[in-house]
Amino acid sequence: EWSLCVCVCVCGPGVRGLSSSSGPRVCIVGGGPAGFYTAQQLLKNTAVDIYERLPVPFGLVRFGVAPDHPEVKNVINTFTQTGQHERCSFHGNVNVGKDVTIDELRQAYHAVVLSYGAEGNRSMGIPGEGLPGVFSAKDFVGWYNGLPSNKELHPDLSFETAVILGQGNVALDVARILLAPVEMLKETDITQNALEALAGSKVRRVLIVGRRGPLQIACTIKELREMVNLPNTRADMLPADFEGIAEALKDLPRPRKRLTELMMKAVKEGGDDKAEKCWGFRFFRSPVEVLAGADGKRATGIRLALNKLEGSGESARAEVTGQLEDVDCGLIISSIGYKSIPIDPAVPFDPRRAIVPNEMGRVQDTAGLYCSGWVKRGPTGVIATTMNDSFDTARVLIQDMEAGKLDLSVNKPGAQAITALLQTRGVRAVLFSQWEKINAAEEKRGKSLGKAREKLLDVDEMLKIAWS
C-alpha cells in the first residue's frame with residue numbers, strides 16, 4: 001500500500017436498474033494492494049479506471065515485500081489480470097492531491113475510494129534521530145527494493161553493529177537482508193546498487209530491539225525461522241530476557257507458543273560458534289537518544305532505557321526503570337511503523353490515529369467518499385488482511401449504490417473529464433500497456449544479470465520507455 005494513486009471509474013452494468021451508458025462512476029485513489037483488491041471486487045459489478053501516482057503499479061507488493069520472498073509477490077499475477085481486464089483502464093503517473101484534487105474527482109465521479117496507503121514514517125521523537133546513519137525501515141526497504149524516491153539513500157555499511165528498533169516482520173526483513181550471504185540475494189529482484197553495497201558491507205552483528213518482552217514480539221514464525229536458519233549466522237540473545245517464559249508457555253495460544261518455543265530453542269542452542277555474523281533480539285528496551293561521535297556529525301551509538309512490564313500478555317505495558325544502556329553502532333534503523341498522511345484538505349483526517357475516520361469504509365460526514373486498506377484501518381496486517389478489508393469496502397459501496405444512498409441520477413463524466421483536466425496541466429498518464437513496456441525492460445535487464453528483474457530507479461527513464 002504505497003501512496004500510489006488509483007482512480008476507479010465504475011460504469012458498467014451490474015448495479016440494479018442502471019444501463020452501462022448511464023452507469024455509476026467511482027474513483028479509487030491508491031494503487032497498491034488495497035487499490036487493486038478494491039478494483040477487483042468492483043469489477044464484478046462495474047467498469048474500472050485506475051489512476052496511479054508512479055508510472056508503475058502494485059505499491060508495497062513491488063516496493064515493500066522482501067526480494068527473497070518472491071512467492072509473496074505472486075499476487076502481482078492477480079493484479080495484472082485486473083489491470084488487463086476489458087472493463088479496467090489504468091492511468092499511472094497521476095498524483096492525486098497535486099495533479100488533481102479530491103473535489104475535482106468528486107465532481108467527476110459518483111463516489112471516491114481512498115486506498116493510498118501509508119507513505120509517512122512514525123517518528124521516534126528522540127534527540128539525534130535526524131543524524132546521518134539513522135534511517136526509517138520504510139526508506140531502507142525502499143532503497144533495496146528500488147523505490148525511486150529512495151534511490152539516493154546510500155547507507156554507510158562500514159560499521160560492525162547495526163541496531164533495528166522494532167520487532168515486527170519488516171524489522172526481521174531488514175536484519176535478514178543485512179546479514180544474508182550475497183549469493184542468496186543475487187538472483188532476486190533486489191536492486192543492483194543495493195547488492196553491490198551489501199557485498200562490501202562490514203555489518204556483522206544486528207540487534208533487534210523491542211520495548212516489551214518475548215511474549216509480545218510482533219513478528220511471525222516464518223520470519224523468525226528464516227533468521228534462525230540464515231547461513232553463517234548465529235543467534236545472540238540474553239538469557240535474562242527469557243526468565244519465567246518457560247512457565248508461561250502452556251497457557252499461550254498455539255501460534256504464540258510455537259513462536260516462543262523457536263525463540264527459546266535459538267537462545268539455548270546459540271548457533272555455530274564459527275559463524276562470522278550474529279543477530280539477536282534485545283527485549284525490554286526503548287530508545288532514548290541517538291548518540292553522535294565526537295565531531296557531532298553522525299550516529300555512533302544509541303542510548304536505551306531499560307523497561308519492566310506492567311501487566312501480562314498482549315496488553316502488557318512497558319514502564320521505564322530509570323536504568324540506561326548505551327550500544328555502539330553505526331547504523332540505526334527505525335522500524336516502528338508506517339503512517340498515513342493527509343492527501344488533500346477536503347478529506348477528513350484523524351492525525352492521532354493517522355487514518356481517514358470512517359465507518360465500515362464510509363468516510364465520516366462525507367457522502368460518496370470511501371476508504372480501504374491502511375488509510376482505513378492503520379498500517380497493520382498482511383496482504384490477505386488488506387484483501388479482505390478492500391473487498392468489504394467495495395461491497396459496502398455496491399450496497400450503497402443498490403440502496404439508493406448515492407445519487408446516480410446525475411450523469412458524471414468520470415475519466416473523460418479528468419484526462420482533459422490533466423492535459424491542460426501538462427500531466428500525461430502511463431497506460432497499463434505502457435507499464436508492460438517498463439515491465440519487459442526490467443525483465444530484460446534482469447535476465448542479463450541472471451535475476452528475475454532489474455528495476456528501473458528513475459521515473460524519467462520509466463516514462464521514456466513507457467512512451468517510446
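Heads up: numbering here begins at 1 and tracks the sequence.
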Flag, side chain of [X] to backbone of [Y], donor-acceptor distance under 3.5 Å:
X	Y	answer
Thr385	Val382	yes
Gln216	Gly213	yes
Lys138	Glu119	yes
Asp392	Ser390	no
Asp350	Arg353	yes
Lys376	Ile355	no
Thr321	Leu306	yes
Arg212	Glu314	yes
Arg205	Val163	no
Thr393	Phe391	no

For this session: Start with the C-alpha distance between Ile245 and Leu215, add both sets of side-chain angles, then the distance that settles side chain to side chain contact (heavy atoms under 4.5 Å, CB included), and finish with yes or no.
Result: CA-CA 8 Å; Ile245 298 296; Leu215 297 181; 3.8 Å; yes
Inter-residue atom distance [X].[atom1] - [Y].[atom2], 0.5 Å rounding:
X	Y	atom1	atom2	answer
Trp374	Tyr116	CH2	OH	14.0 Å
Ile102	Leu369	CD1	CG	7.0 Å
Asn169	Cys219	CG	SG	6.0 Å
Ile302	Leu165	CD1	CG	4.5 Å
Asp139	Tyr144	CG	OH	12.0 Å
Lys447	Glu454	NZ	CD	16.0 Å

Problem set entry | Candidate pair Ile332 and Cys329, rule side chain to side chain contact (heavy atoms under 4.5 Å, CB included), full reasoning | CA-CA 7 Å; Ile332 297 165; Cys329 57; 3.6 Å; yes
Heavy-atom closest contact ([X] atom, [Y] atom, distance):
X	Y	value
Gly128	Val290	O-CB, 3.4 Å
Phe283	Asp241	N-OD2, 3.1 Å
Thr300	Gly293	OG1-N, 3.3 Å
Gly373	Asp389	N-OD1, 2.6 Å
Val228	Ala266	CG2-CB, 4.2 Å
Val170	Ala137	CG1-CB, 3.9 Å

Any luck finding a side-chain donor-acceptor pair between [X] and [Y] under 3.5 Å?
X	Y	result
Lys405	Gln399	no
Glu129	Ser334	no
Ser372	Thr38	yes
Thr386	Arg377	yes
Glu436	Gln84	yes
Glu223	Thr220	yes
Thr191	Asn145	no

Check whether any side-chain heavy atom of [X] lies under 4.5 Å from a side-chain heavy atom of [Y], and answer yes or no.
X	Y	answer
Met124	Ile336	yes
Thr80	Phe432	yes
Asn439	Val56	no
Val203	Phe159	no
Leu324	Val288	yes
Trp279	Ile208	yes
Pro155	Phe140	yes
Val459	Pro55	yes

Problem set entry | Phe58/Phe63 aromatic ring centres below 6.0 Å |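 Centroid separation for Phe58 and Phe63: 6.0 Å or greater.
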Problem set entry | Proximity of Phe90 and Trp435 rings by center, below 6.0 Å | no
Under a 4.0 Å threshold between the charged nitrogen and the carboxylate oxygen, would [Y] count as salt-bridged to [X]?
X	Y	value
Arg445	Glu443	no
Glu325	Arg285	yes
Asp68	Arg176	yes
Asp236	Arg282	yes
Lys186	Glu183	no
Asp189	Lys73	yes
Arg62	Glu442	yes
Arg256	Asp251	no
Asp400	Arg362	yes
Glu319	Lys308	no

Count the heavy atoms belonging to other residues, nucleotides or ligands that lie under 6.0 Å from [atom1] of [X], then report whether that count exceeds 12.
X	atom1	result
Glu276	CD	no
Lys268	NZ	no
Glu261	CD	yes
Glu71	CD	yes
Met184	CE	yes

Problem set entry | Check against side chain to side chain contact (heavy atoms under 4.5 Å, CB included), Val96 and Asp344 | CA-CA 8 Å; Val96 174; Asp344 188 303; over 6 Å; no
Problem set entry | Val113 vs Val29, side chain to side chain contact (heavy atoms under 4.5 Å, CB included): CA-CA, chis, key distance, verdict | CA-CA 6 Å; Val113 184; Val29 180; over 6 Å; no
